[in-house]
There are 2 protein chains.
Amino acid sequence: MRNKGAAVRQRIVDTADQLFYHQGYENTSFSDIADAMGISRGNFYYHFKSKDEILNAVINARVTRFTEMLSEWDKKIPGPKQRLHYYIDMQSRNQENIVSHGCPVGSLCTELAKTRHSTLVDANQMFTVFRDWLITQLKLLGLKNKAKLISMHLLARGQGIATVSNAFEDKEFLRREVKQLKQWLDVEILKVSH
Amino acid sequence: MRNKGAAVRQRIVDTADQLFYHQGYENTSFSDIADAMGISRGNFYYHFKSKDEILNAVINARVTRFTEMLSEWDKKIPGPKQRLHYYIDMQSRNQENIVSHGCPVGSLCTELAKTRHSTLVDANQMFTVFRDWLITQLKLLGLKNKAKLISMHLLARGQGIATVSNAFEDKEFLRREVKQLKQWLDVEILKVSH
DNA sequence: GTCTATATCGAGATAGAC
DNA sequence: GTCTATCTCGATATAGAC
């Protein structure tokens, strides 16, 4: 079939994406990906020049996926405040994965900061997709001047929750902090309407 | 000299400690440590059975170092509120390192959660040293019931600040968040005295 | 396009001389 | 105690058959 090659390429990216999340980038070998997919090691080099290129494709795939996801949220969730709550609740919805493997964005950036500092700039595009969307929502709520600061603050709070609940494998902590963060945001929103 | 062997062992641990922080555990080889110290690769196995044992020694050394540091703070800083501020300010004092390499505790736990899940329990002892000390300080301030929750919250806030300022290499953000966190804590302390 | 076979390299680890 | 030499393994990457 015509698109078989492209389909395999996509499957490589999807499989690598998940394995990089579960095991880390450096700790995931071609054999790991090949075994998980049922293809041979040599086949990778028809689709990618190097492991670095796979990493790049995974980062791009994630950026695209997050962008589409946020676009869906814009469509299906009526107001910016509800959208922001839905964003914060993402950690509760993914609590199993976060407790087991941390945040896919933060843990990859943390790894690359140590091992491949030159690709960190690409990797933190995963963060800026969320940050820019958060700024948009916050501005819709009238938080003009504080939008950028609050967006970064929300990113950091999310990272803190992910890192600590992962280190302690503590789901209760995650849920408690998510709840608290929504309450904090509500107070910030209230401040502006007075 | 009598203690030469022990001294080398200590130097291995110190050098590995720093390299694990800068480059990550898996990404640091025996050659890296040997080159940094000016000893040969084979010599490691007189002092340690395996790389895993070095990791263990590094974790224990950090736990000891943090414990002693906090004990020093107890001596030199008069009140619990000032101590807590000094704790939060630790990130400002280490801002260069944190922006370049993240938090030594959090980034190691994040790595081990993916690659050596069985040693994560040992690694998060590095967190509990701080958590237990925070609980003590918070109880001294009369925050009896909330002490544990707030201690975990402070750990998470610190991790969020480290992860995001590292990913964006953003010192300004780090300082802003540190200031904000101290203000938040002051409000929590005020709540209890009323 | 996908495979097998292989080259090359660097890792952790061991043996034994000094 | 520290060294050199070496073993073994698994990693990325390449060559070429099919």
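Below, chain A is the first sequence line, B the second, and so on; all start at residue 1.
Geometrically, A:R93 engages A:Y86 in a cation-pi contact, judged by NZ or CZ lying under 6.0 Å from the ring centre and within 45° of the ring axis.
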What string of B, S and - do you get for nucleotides 3-17 of chain C, 5' to 3', when a contact is any protein heavy atom under 4.0 Å? BB------SSBB---
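In this structure, A:Q183 and A:V187 have side chains that are not in contact, with every pair of non-hydrogen atoms separated by 4.5 Å or more.
When rounded to the nearest whole Å, the span between OH of A:Y46 and P of C:dT2 equals 8 Å. Atom CZ of B:F48 is separated from atom P of D:dT2 by 12 Å (rounded to the nearest Å). Atom P of nucleotide D:dG10 and atom CG of A:D35 are separated by 12 Å, given to the nearest angstrom. If you measure from atom NE2 of A:H47 to atom P of D:dA13, you get 16 Å, rounded to the nearest angstrom.
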Identify each donor-acceptor pair in which a side-chain atom of residues 121-134 of chain A lies under 3.5 Å from a protein atom, sequence neighbours left out, and give them as a table.
unit_1, atom_1, unit_2, atom_2, d
A:N124, ND2, B:A167, O, 2.9
A:T128, OG1, A:Q125, O, 3.0
A:W133, NE1, A:D74, OD1, 3.0

For residues 146-158 of chain A, tabulate all N or O donor-acceptor pairs below 3.5 Å that involve a side-chain atom, not counting sequence neighbours.
unit_1, atom_1, unit_2, atom_2, d
A:K146, NZ, A:E188, OE1, 2.8
A:S151, OG, A:K148, O, 2.6
A:H153, ND1, B:E177, OE1, 3.0
A:H153, ND1, B:E177, OE2, 2.9
A:H153, NE2, A:R157, NH1, 3.0

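Each end of the helix from C:dG1-D:dC18 to C:dC18-D:dG1 yields a helix axis from five base pairs, and these two axes differ in direction by 0° (to the nearest 10 degrees).
Using a cut-off of 4.0 Å between Lys/Arg side-chain N and Asp/Glu carboxylate O, A:E68 and A:R65 are scored as not salt-bridged. Ionic pairing of B:E111 and B:R116 is not present here: no N-O contact between side-chain nitrogen and carboxylate oxygen is shorter than 4.0 angstrom.
For A:H22, the ring-ring contact (aromatic ring centres under 6.0 Å, His included) partners two or more places apart in sequence, or in a different chain, are A:H101. Partners of A:D32 by side chain to side chain donor-acceptor pair (under 3.5 Å), not counting sequence neighbours, listed by chain and number: A:S29.
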